Amino acid sequence: MASLDVRALGTRIGFGLSRELWLIEAGVFLNMLGYGGVLPFEIIYLHDGRGFSLGVAGLVIGAITGIAVVVSPAAGLLIDRFGARLTAIAAGVALAAGYSGLAFAHTPAEAFAAAACAGAGNGALSPSQTTLLTTLAAPDMRHRVTAVSRVAGNAGIGIGGALGGLVAAHGLTGFVTLFLANAVSYLVYVAVLAAVVRESPRQAPVRGGYRLMLRDRAFIHLAVADVAMIAVGWGVFSWLLPPFARNQIGLSTPLIGLLLLANALTVVVAQIPVARFAEGRRRALTMALAGALFCAACLLVEVADARRAIAYAVLVTAVIAAGVGECLHTTALTPLVAELAPVRLRGRYMAVVGLCFWIGLAAAPTGGTALLSLSPTATFAVAAGVALAAAVSMLRLERRLPEAARLTPRRHG
């Protein structure tokens, strides 16, 4: 009886994840720890450390994202053909090579070549990693695996950014150290995948995979609504809130940094409780609630503009609400995509979801900054409207979902 109690306690502490899944999640944390160390300093390094103009430095870093968008659909084909594990390993090696190249890039041509390598890896790693985790996890565990990945990723980026600031203070030597440490973190992740993961045998490839996917009306409906959710919940609060807080409210840069920290900490603290909360509840309703929170957060920004005396407290509340919305949306999204996708097309489905993320992120700064310069009030009103429309769309999605995919499974322990 005592041994059973100990085993049950261990399962509860482990959130029901297997040893294999926990090792992968540890790899995700180390991977994001290294990436978090370089993320705030990529342009600063190329400009201050290597003497590139700000324009060229921005283009180099932008190329990483741009190539990731282009590569993402092809990554879906590779995942379904060669398996998520091998694709993730190749992506990790490409990222390690790319960031090592950036560490030693002395000319723009060298930097662009390294960025192309890193971008290709970036475009393949996210969908292959998501496919691998959802494949290894039982259907009733996918929302928990997603939650742990989110916590690991956000904690890694947050801690990495803090440590990176200390290392970057040493100038060029510090920058080079950060980029090489990031490359090493990808190789450690690759080693974890190679050593501990045993993927199921691959099935025969499917002809016309993307054409088949485009006929899945439920998935296309979900993907379109997801772009809107990402554009507001992630893009607006990452790219538009900081300049609004600086120029419209007059906040200092340290206070703006604390807003972003509050959002990241909310995800770390709330993600697992939100995953438990979602169990036994409708996935479409969970994502609609996320959209409602994004809408409310945008309206709170409007309140902060009107009530300057309490503006900072209101903005903190807004970013916390957006963080909880992120937790709700991701808890339902990835497991639902895994349920909708035929096994032999799961890589393509995950690649399209990854593409939706990049498109949503790009939409906010691309379309929102021009509107922000004309009317900050209108910017967040439009964002609130987009979030509300996405929430309504998520509610309408439910009737298109298969009965078995509508609820987040309830897991005991």
Side-chain angles (χ1 to χ4, degrees), residues 27-52 54-79 82 84-130 132 153 156-157 160-161 163-164 167-168 172-194 351 354-355 357-358 361-362:
V28 170
F29 171 77
L30 290 174
N31 177 357
M32 299 309 289
L33 183 71
Y35 181 58
V38 302
L39 182 61
F41 306 108
E42 290 176 323
I43 292 177
I44 295 172
Y45 156 68
L46 292 174
H47 178 59
D48 295 349
R50 295 303 183 192
F52 296 2
L54 278 175
V56 170
L59 286 174
V60 169
I61 302 308
I64 297 176
T65 300
I67 292 170
V69 170
V70 173
V71 166
S72 187
L77 296 171
L78 294 174
I79 293 165
F82 299 104
R85 174 176 169 270
L86 288 179
T87 306
I89 288 173
V93 171
L95 279 159
Y99 276 95
S100 295
L102 284 170
F104 297 110
H106 291 84
T107 67
E110 293 171 348
F112 276 114
C117 191
N122 213 10
L125 183 62
S126 178
S128 58
Q129 177 178 282
T130 305
L132 182 62
I157 284 182
L163 295 176
V167 177
L172 180 59
T173 301
F175 288 134
V176 171
T177 300
L178 285 176
F179 276 76
L180 291 178
N182 186 34
V184 170
S185 75
Y186 287 118
L187 293 178
V188 170
Y189 182 59
V190 164
V192 170
L193 294 180
L355 182 61
F357 183 80
W358 293 116
L361 274 188

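What you see is a predicted model; the values in this text were computed from it and never measured.
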Heavy-atom closest contact (Ala75 atom, Pro127 atom, distance): CB-CG, 4.2 Å
Please enumerate all residues that pass side chain to side chain contact (heavy atoms under 4.5 Å, CB included) together with Val60, with sequence neighbours excluded. Leu46, Val56, Leu102, Ala111, Phe112, Ala115
Minimum heavy-atom separation for Pro73 to Leu355, with atom names? CG-CD2, 4.3 Å
Please tell me if the side chains of Leu95 and Tyr189 come closer than 4.5 Å, counting only heavy atoms from C-beta onward. no
List for me each residue that meets side chain to side chain contact (heavy atoms under 4.5 Å, CB included) alongside Thr87, sequence neighbours excluded, and say none if there are none. Leu78, Ile79, Ala124, Ser128
Partner residues of Tyr186 under the side-chain hydrogen bond (donor to acceptor under 3.5 Å, both in side chains) criterion, sequence neighbours left out: none
On a heavy-atom basis, which atom in Ile67 and which in Gly119 lie closest, and how many Å separate them? CG2-C, 3.8 Å
Kindly compute the distance separating OG1 (Thr173) from CG (Leu178), expressed to the nearest 0.5 Å. 11.0 Å
Looking at CG of Leu30 and CG of Asn182, how far apart are the two atoms once the value is rounded to the nearest 0.5 Å? 11.5 Å
The side chain to side chain contact (heavy atoms under 4.5 Å, CB included) partners of Leu187 (sequence neighbours excluded) come to Ala96
d(Leu54 CG, Leu59 CG) to nearest 0.5 Å is 11.0 Å
Is Pro108 close to Phe52 at the side-chain level, that is, under 4.5 Å between some pair of heavy atoms? yes
Over all heavy atoms of both residues, which pair between Tyr45 and Ala105 is shortest? Give the atoms and the distance, please. OH-O, 4.2 Å
Pairs in or reaching into residues 105-118: which pass side-chain hydrogen bond (donor to acceptor under 3.5 Å, both in side chains), with residues at least two apart or in two chains? Arg50-His106
Determine the minimum heavy-atom distance between Ala88 and Leu193, stating which atoms define it. CB-CD1, 3.6 Å
Are any side-chain N or O atoms of Ser72 and backbone N or O atoms of Ala68, one a donor and one an acceptor, separated by less than 3.5 Å? no
Quick one: side chain to side chain contact (heavy atoms under 4.5 Å, CB included) partners of Thr65, sequence neighbours excluded? Trp358
Indicate the atoms forming the closest heavy-atom contact of Ala194 with Arg85, along with that distance. O-NH2, 3.3 Å
Of all residues at least two apart in sequence or in a different chain, which pass the ring-ring contact (aromatic ring centres under 6.0 Å, His included) check with Tyr99? Phe179
The reported gap from CD1 in Ile64 to SG in Cys117 (rounded to nearest 0.5 angstrom) is 10.5 Å
